[in-house]
Amino acid sequence: MAVSDLNEREAHGAHIPVMTSEVLEIFGERVSDSALFIDATLGAGGHTSELLDKFPRSRVVAFDQDGQARTLAAQKLSRFGDRVRIVGANFRELAALSGEDGWTGADGILFDLGVSSMQLVMADRGFSFQEDGPLDMRMDPDGDGPTAREVLAELNASELAKIFRDYGEERHAWRIAKAIERTAKTGEGLERTMDLVSLIRRILPAPVQRKMGGHPARRVFQALRIAVNSELDALDEGLDGALSAAGSLCVIIAISYHSLEDRMIKRRFLKWAGEGHGNVLTRRPLTPGEEETESNRSSRSAKLRAFITEGTENR
Ligand SMILES: C[S@@+](CC[C@H](N)C(=O)[O-])C[C@H]1O[C@@H](n2cnc3c(N)ncnc32)[C@H](O)[C@@H]1O
């Protein structure tokens, strides 16, 4: 896809960075102007550009597994020259890939999890239940992970129901999973996002759909996306990587949008504190203010937690 195409689309789904003032304040109280940051989730480059502006001699190593996101962010961040280094990789590899000569011992690390608005509005990426597109949902379409279509075709009803329940808290998980399995057996297959939306609408009685609050396919789409991208496994490894890449006084901030992610972050920070790696900075997660949730709906479910390492490098 041409970058001009992307710019056109991005204009309609521009990603607004979430909880920026909280992120800048937490880093600002503890790191110097010449800090080295790792942005584990570059996305549209919103947080990275705020960091480079606010800390005038800082540098950022920024990861994203999505090539389209990297192309756009690179354009947006070009004014910062060699203060930013963009790495095309999953943040599972953060520890191994962030350090190069002169780029080791991070002072600040940021995770802003999930998908960007940009990814959601591009129908051909298959994340949206609002627009027709291929059932893809891979954040890294060049990788060798399965697409959503393949997951739906290959897993049985019990496995699918577990995904919908665990990652989507979908109350009608079993009914939907059974219908998907039946469809797969007929050989008709589910190819497009709207095939899946139509199946869910067909299988759930109208009163049930009315009670669901929100789009009836929302939870299933969220759950599938998390499964397709192994998001919880990536976070599990990414957090460990962050601790290894952290310098002796490093602030690690994680913004999550799903209770399972938030729980994993909370437990990991407490474990690190118990092991003497540093201190939890947020007893309770911070959430966006009313003004932000009103102006940016994507921020509504955000939870921010922060940790500071205090001790030796290369844990
Ligand atoms: C919510 S967006 C980040 C937005 C960014 N903070 C901004 O202000 O523009 C999340 C981004 O992280 C990327 N991402 C999610 N999980 C990832 C992973 N495990 N490894 C690398 N990139 C990941 C997605 O492709 C997406 O572009």
Side-chain angles (χ1 to χ4, degrees), residues 6 9-11 13-24 27 37-54 60-77 80 84-98 108-122 125-128 136-143 145 167 222 225-242 245 253-258 260-262 264-265 288 292 296-304:
L6 281 171
R9 288 169 188 225
E10 193 213 7
H15 185 90
I16 305 167
V18 169
M19 300 188 76
T20 307
S21 49
E22 289 83 351
V23 168
L24 294 179
F27 282 142
F37 291 104
I38 296 176
D39 183 347
T41 50
L42 172 66
H47 285 115
T48 285
S49 81
E50 296 279 349
L51 290 172
L52 290 162
D53 273 333
K54 160 106 183 181
V60 181
V61 186
F63 282 74
D64 206 298
Q65 57 181 329
D66 182 331
Q68 292 182 341
R70 292 196 303 275
T71 305
L72 265 178
Q75 285 182 344
K76 200 181 274 182
L77 300 169
F80 295 108
V84 59
R85 184 156 77 77
I86 297 179
V87 183
N90 194 300
F91 60 56
R92 286 170 184 252
E93 298 175 70
L94 190 148
L97 298 181
S98 57
I109 301 178
L110 174 67
F111 291 84
D112 176 24
L113 300 165
V115 276
S116 69
S117 314
M118 235 156 55
Q119 289 165 324
L120 282 173
V121 296
M122 291 181 192
R125 301 295 301 272
F127 290 108
S128 172
D136 190 325
M137 297 197 191
R138 288 170 302 165
M139 289 187 201
D140 175 9
D142 303 320
Y167 301 157
Q222 172 187 284
R225 191 206 82 212
I226 292 174
V228 164
N229 295 288
S230 304
E231 289 179 37
L232 293 169
D233 290 344
L235 179 59
D236 185 34
E237 290 177 33
L239 288 172
D240 281 346
I253 298 180
I255 306 174
S256 64
Y257 303 83
H258 191 286
L260 290 176
E261 289 170 344
D262 181 55
M264 185 185 289
I265 294 159
E292 178 165 6
N296 180 14
R297 286 176 60 77
S298 320
S299 71
R300 276 169 311 163
S301 52
K303 289 207 167 86
L304 182 155

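In each ligand, atom 1 is the first atom listed, and ligand 1 is the first ligand listed. Since this is a predicted model, take the numbers as computed values, not measurements.
- Residues lining ligand 1 at a heavy-atom distance below 4.0 Å are given as His15, Pro17, Thr41, Leu42, Gly43, Ala44, Gly45, Gly46, His47, Asp64, Gln65, Asp66, Ala89, Asn90, Phe91, Asp112, Leu113, Gly114, Val115, Ser116, Gln119, Met139, Ala234, ordered by chain and residue number.
- With respect to the salt-bridge test (charged N to carboxylate O, under 4.0 angstrom), the residues Arg138 and Asp140 do not qualify.
- Phe127 meets the ring-ring contact (aromatic ring centres under 6.0 Å, His included) test with no other residue; sequence neighbours excluded.
- Across every non-hydrogen atom of Ser98 and Ala245, the tightest pair is OG-CB, 3.8 Å.
- Ion pairing between a basic and an acidic side chain is recognised when a charged N comes within 4.0 Å of a carboxylate O; Lys303 and Glu261 show no such pairing.
- Here the rule is side-chain contact (heavy atoms from CB on, under 4.5 Å) with Arg92, and of Asp233, Asp236, Leu235, Asp240 only Asp233 fits it.
- Side-chain atoms of Thr41 and Asp112 include no donor-acceptor pair closer than 3.5 Å.
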